[in-house]
There are 2 protein chains.
Amino acid sequence: MATTTNSERRGWTQNPDAVKRDILTVALSEFAANGLSGTRVDTIASRTRTSKRMIYYYFGDKLGLYTRALEAAYLKVREGEASLDLDHLQPKEALARLVAFTFDHHRKNPDFIRMVMIENIHNAEHLAASQVIRDLNVAAIEKLARICQGGQDQGVFREGLDPVAIHWQISAASFFNVSNRPTFSSIFGNELFEEEAQRRIRQQTVDSILAMVAKPEATG
Amino acid sequence: MATTTNSERRGWTQNPDAVKRDILTVALSEFAANGLSGTRVDTIASRTRTSKRMIYYYFGDKLGLYTRALEAAYLKVREGEASLDLDHLQPKEALARLVAFTFDHHRKNPDFIRMVMIENIHNAEHLAASQVIRDLNVAAIEKLARICQGGQDQGVFREGLDPVAIHWQISAASFFNVSNRPTFSSIFGNELFEEEAQRRIRQQTVDSILAMVAKPEATG
DNA sequence: CCCAAAATGTTCTAACCGGTACAATTCGTC
DNA sequence: GACGAATTGTACCGGTTAGAACATTTTGGG
């Protein structure tokens, strides 16, 4: 071994944050792809610039890493949602935009969808432990609640709307569209998931939600 | 039960069909509960009246058993659907019944839902291999297609309806309602999943579908 | 009654996999 | 520049798990 100047060293460079981020990124992708029990810690480690040792050093155990990856998925997706500003729009337009955005956003974040699917398989027991995630989702509902309130104040939405129920409807369509694509297209073909059909479905979803919140007598 | 002449025997009674059924029932419940990689063959065996040996004897390997369990889940659920007779009803009433039935039926078959979720996590690669399942689902669509055709013939449904797209809408609501209950209720509470709220959601789903297929000008 | 094939019991194993022990290096700080 | 704490490298282990080997019993047919 030659005398080391700079580039060739016997040691290494410490960089805790980068290491954590590296691990978390790989972990998210692996867990999303293979599920909790389907994922191998060794596989995560090998895709990392660091080693298995560091996974256990920073995240304790496999479950700890999974939980943090789940949080990371939520954080990333909610971050994207924050970019949507609806406050200057009229209620109907705001709601339409929100629905269309959610539909598209879910499509663009399949890893997030898969993590939620996996959590549901596990009865949401790890999500339940995360206060971070609860806060993020409550924030999402508040945006919807403001729109509903605005629409009711202006008399264009019917009374007694339940923001959570509306969120349920929006999520059902947007989520299912991504989560069940494999089985659905395997059985019925891929047509429904090509661009034009997806636009139609999205529009249909928007229309359904708008019809749901509209005042019974007001058609316009 | 087979006739047992002697209760104390050195040997045993052969019963291939019962053994297969026993294994398959337990396997379905285990796979639905724990996923493909989360399920232990030994656990299945222990819940069975037979042994691990027989699992491999009849089903080859873990994947073979899983695939058969998946088929069994589809068969069971489609069997339940067959009990629904809509041919004597008017199109709108028939469609309303079909939607409400699907909604309830999914709720009553969480194991089936979970198997489909698991399949989707695995990108439907095992389902793709099963011709049985494809046939079953195509049959389900035909029922819906008949209703659509009837409604169009009578002029109460609009033209150009796509039965697969309608099936998508029905499934999205009915499926999501079961599949995402854990995460959803963990975040927003359990209210939406109590009986009365569920009735409301079901009605809302029925109404949405009916509105979707209705002729634009015809309100009645 | 006998025999081959089907069905079942019992025992074992090789690979895998989450996690750890132990050692070495780096870094902040005094 | 030394020292303790934080970080990283390397090698290993013990339990688990899918599956196989080998032995035995049952069953149906001639």
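What you see is a predicted model; the values in this text were computed from it and never measured. A, B, ... follow the sequence lines: proteins, then strands. Residue 1 opens every chain.
The distance between atom CZ of A:Arg40 and atom C1' of C:dA15, rounded to the nearest whole Å, is 12 Å. Distance, B:Lys20 NZ to C:dA6 C1': 11 Å, rounded to whole Å. In this entry the distance linking OH of A:Tyr56 with C1' of D:dG9 reads 16 Å, nearest Å. Computed from coordinates, the A:Lys52 NZ to C:dC16 C1' distance equals 10 Å when rounded to whole Å. The nearest whole Å value for the distance from the CG atom in A:Asp61 to the P atom in C:dC17 is 17 Å. We find that CD1 of A:Ile44 is positioned 9 Å from P of C:dG18, with the value rounded to whole Å. Rounded to whole Å, atom P of D:dT17 lies 21 Å from atom CZ of B:Arg53. Atom OH in B:Tyr58 sits roughly 19 Å away from atom P in D:dG19 (whole-Å rounding).
Mapping B:Leu63 and A:Pro16 onto DNA chain D by nearest heavy atom places A:Pro16 closer to the 5' end of the strand. The 5' end of DNA chain C is approached more closely, in terms of each residue's nearest nucleotide, by B:Val19 than by the other of A:Asp42 and B:Val19.
Here the side chains of A:Leu95 and A:Leu144 are in contact, with some heavy-atom distance below 4.5 Å.
As judged by a 4.0 angstrom heavy-atom cut-off over every strand, A:Phe59 is placed among residues making no nucleic acid contact. Within 4.0 Å of A:Thr39, counting heavy atoms only, lie sugar-phosphate atoms of the nucleic acid but no base atom. If you check every strand for non-hydrogen atoms under 4.0 Å, B:Tyr57 touches a base.
Between B:Trp168 and A:Phe188, the ring center distance fails the sub-6.0 Å criterion.
Dashed line: the shortest gap from a side-chain N or O of A:Ser51 to OP1 or OP2 of D:dG9 is under 4.0 Å. Considering only side-chain N and O atoms, B:Thr50 lies nowhere under 4.0 angstrom from the phosphate OP1 or OP2 of C:dA7.
You'll find that the side chain of B:Gln14 is closest to C:dT8, out of D:dG9, C:dT8, D:dG19. Nearest nucleotide to the side chain of A:Val41, out of D:dA18, C:dG18, D:dG9: C:dG18.
With no hydrogens or angles considered, no side-chain donor-acceptor pair links A:Asp22 and A:Thr48 at under 3.5 Å. For the residue pair A:Arg181 and A:Asn190, a side-chain donor N or O sits within less than 3.5 Å of a side-chain acceptor on the partner. With hydrogens and angles left out, the side-chain atoms of B:Glu71 and B:Tyr66 include no donor and acceptor closer than 3.5 Å.
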